[in-house]
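The structure appears right after this line, and notes come after that.
In the text below, chain A, chain B and the rest are named by the order of the sequence lines, each starting its count at 1.
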Amino acid sequence: MLIIGERINGLFNDVADAIKKKDKKVIQDLALKQLKAGAQMLDVNTGPSTMNPQETMVWLVESVREVTDAALVIDSPKVTVLEAGIAAAKDKTVINSTTAQQDKLDKIVPLAVKYNSLLIGLTMNEKGIPSDMATKSELALVIIAACMEKGLPQDNLLLDPLILPVNVTQAQVKETLEAIKMIKTLSTPAPQVILGLSNVSQGTKNRSLINAVYLAMAMACGLDGAILDPMDKEVMNIMYTAEILLNKTIYCDSYLRA
Amino acid sequence: MELVKEKWVSKVNILSIGATGEEGGTRKTKVQVGGEDTLPFLHFEGKMPHRPVIACEVLDMVPENWPQAVAKPYSDVYRDPAKWAKKCETQGADLICLTFTGAHPDNNNSSAADCAKVVRNILAATTVPLIVIGCGNDDKDNEIIPAISEAAKGENVLLGKATQDNYKTIVACASADGHAVIAESPIDINIAKQVNVLISDLSFALDRIVIDPTTGGLGYGLEYCYSIMERARIGALGADKMLAMPFIVFPGQEAWRSKEARITKEEMPQWGDEEKRGIVWELTTALSLLLAGADILVMRHAQAIANLKKVINALMNEEGKKC
């Protein structure tokens, strides 16, 4: 499983505070702690509060780059912020994200090609986030086709069928599982599918439990990776267990210590 | 038609054995193994930066259990482990593998001090890196390994063998004296992984461990061993860091234990000359393990060693890499 650490995000108070005070140490600590907890990549998101997201993104990326050369997932809805982040990170980057909207695809896919970056494609468009499996899959196909046409290798594309909070729209939670299965059949070799996991439990009382159970269910449907909090031990232990039960890694008695 | 290539995400750890003068040891050469980022010899798909190496086995006693066909060629030296080791070196061994069979309570039950002396004598007589393995009796090993390890301090030897039930002493010694460790498991991939987890719990670096998967000889479950090694290696290439170690295997021991290698021409005339037969048995066992991913092969007969070396060279030279 590809684990992308979600914690460097201005939505979290400690990060927002560090951004305000320009306190590099907090950001670097979060980066190292997430990597130690099992993250392979780190998401970097300025959050909504900053006045100058472009400058903040560059500062975040440079701070993280001082302590690790792990891949960085540059997370912003704005193309200018994305490009500034990728340029600052230099090597090993992931663009988070494009949607299936034509004008976004036209700008962001070439950006991924130019910087040899991976790209996360969200199955949504100008009409919003669909809640049924068929529309999610259809939009995934739009993104796959655009990448093919613009020369982004399929290995560099990660599709995210967008999970919404279970307490907001309960029926789409299962539809998203179906969408994972369906998207995996759209091409050979199968596209890679990831989820921004924590969204499923947004606003609920048992966040960790809901995240963990949903992660296991999604992995059984073929999920390849997730953006999550790797410092949540419950989620990570269930992820390791699911990997063993799905015969992805080899069992040993103390696999949780491995 | 385009070749279908597998894209692996990880590779086998690189391990260095032996320390030269500059590194605080006395070896003239050192050996590096591992680093593969594809299955064995698939040069079109990935890299195999270090060739598999051959260690020649030396005992701390007269090899009473070895059949004449493999013991006799060493009869001029086998009373003196240092001379025996020197002969192995001149025979082209990349490393010497010293096994303390003689220290076993059922054999000579040699003292820790005697064992340490044997190690020092061999280090003085040879210039290649050393593998040192205990007698296989847990209690006795815990008594002799600290002395052996200390005697080879700074030489970066490969010390064996840590098992699921007995690993603390040997890992502590290797840690203290700067050696690498062999982790043994009984043809069981889950236990192989388990031993590595246990060893790393003692803060021992994962890239200082070699896996001994335990194998059989040709005709004695070799296919199963092959599958276990292949599965472990696929795990390593798929980023399972608890399996990303180089392999050590013992085709010499395994082959010369089989009846096919031991029975003499007199007992079984239709099987022909036993020395020739034994060599072929050892070589065939070694070749199978080589293709399963072996990085260090511990051998016995000079002829089998010479032929194995030829094959490795052919598979690793520029011509071989083009295939």
Within 6.0 angstrom of [X] [atom1], more than 12 heavy atoms from elsewhere:
X: Lys150(A); atom1: NZ; answer: yes
X: Met182(A); atom1: CE; answer: no
X: Met231(A); atom1: CE; answer: yes

Segment of Asp201(B) engaging chain A (4.5 angstrom heavy-atom cut-off) =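 The answer is the side chain of Asp201(B).
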Under 4.5 Å heavy-atom distance to chain A, tell me which part of Leu243(B) shows up: side chain, backbone, both or neither.
->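 Just its side chain gets close to chain A.
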Salt bridge (Lys or Arg N to Asp or Glu O under 4.0 Å) pairs, two or more places apart, involving residues 177-197 of chain A |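 Every pair satisfying salt bridge (Lys or Arg N to Asp or Glu O under 4.0 Å) with a residue in residues 177-197 of chain A: Glu178(A)-Lys181(A), Lys184(A)-Asp224(A).
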Quick one: closest heavy-atom pair of Asn190(B) and Cys252(A), and the distance?
->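 Between these two residues, the closest heavy atoms are O-CB, 3.1 Å.
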Of all heavy-atom pairs between Gln194(B) and Asp253(A), which one has the smallest distance, and what is that distance?
->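 It is OE1-N, 3.1 Å.
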Value rounded to 0.5 Å, distance of OH in Tyr255(A) from CE in Met242(B) |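 Reported value, rounded in 0.5 Å steps: 14.5 Å.
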Extract all donor-acceptor atom pairs below 3.5 Å that involve side chains of residues 32-43 of chain A and protein atoms in other chains or at least two apart in sequence.
from, atom 1, to, atom 2, distance (Å)
Gln34(A), OE1, Glu6(A), N, 3.2
Gln34(A), OE1, Arg7(A), N, 3.1
Gln34(A), NE2, Leu30(A), O, 3.4
Gln40(A), OE1, Ile3(A), N, 2.8
Gln40(A), NE2, Met1(A), O, 3.2
Asp43(A), OD1, Asn96(A), ND2, 3.1

So which of Asn196(B), Ile189(B), Leu206(B) has the biggest tally of heavy-atom pairs under 4.5 Å with chain A?
->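 Top count of heavy-atom pairs under 4.5 Å with chain A: Ile189(B).
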